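Structure, as structure tokens:
Not measured: the values here are computed from a predicted model.
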Amino acid sequence: MKKETALITGAASGIGLALAREFAKHGHNLVLTSRVRSELREVASELTSKYNIEVGTIAADLEDSD
């Protein structure tokens, strides 16, 4: 069975981080976005090792049109 992938914005802290952990707990692969690359890498590493899922990251400010 193919795992579903969830895109979660603001995933380095707060509600976004809580959502990332919840989706990971249920076996979803993730694509996480946040402005801070180092924080994203930490979250991705944590979730990958704890839940054995694939996690991609995009470090960007989604409010910035460039």
- Task: Drop me the distance from Ile8's CD1 to Ile58's CD1, to the nearest 0.5 angstrom.
- Result: 12.0 Å
- Query: Do Glu46 and Arg21 have side chains that get closer than 4.5 Å, going by heavy atoms?
  - Reply: yes
- Message: Please give me the minimum heavy-atom distance between Leu30 and Ala24, naming the atom from each residue.
- Response: CD1-CB, 4.1 Å
Contacts table for residues 31-42: side-chain donor-acceptor under 3.5 angstrom, sequence neighbours left out:
none

- Check whether any side-chain N or O of Asn29 sits under 3.5 Å from a backbone N or O of Ile53 as a donor-acceptor pair, and report yes or no. no
- Minimal heavy-atom distance between Thr57 and Ala44, with the atoms involved, is CG2-CB, 3.8 Å
- Item | Derivation and outcome, side-chain contact (heavy atoms from CB on, under 4.5 Å), residues Thr48 and Asn52 | CA-CA 5 Å; Thr48 298; Asn52 194 33; over 6 Å; no
- Query: For Asp64, does the CG atom sit with more than 12 other heavy atoms under 6.0 Å from it, leaving out its own atoms?
  - Reply: yes
- Message: Other residues, nucleotides and ligands only: do more than 12 of their heavy atoms fall within 6.0 Å of CG on Leu7?
- Response: yes
- Measure the spacing between CD1 of Ile15 and CG of Leu19 and express it to the nearest 0.5 Å. 7.5 Å
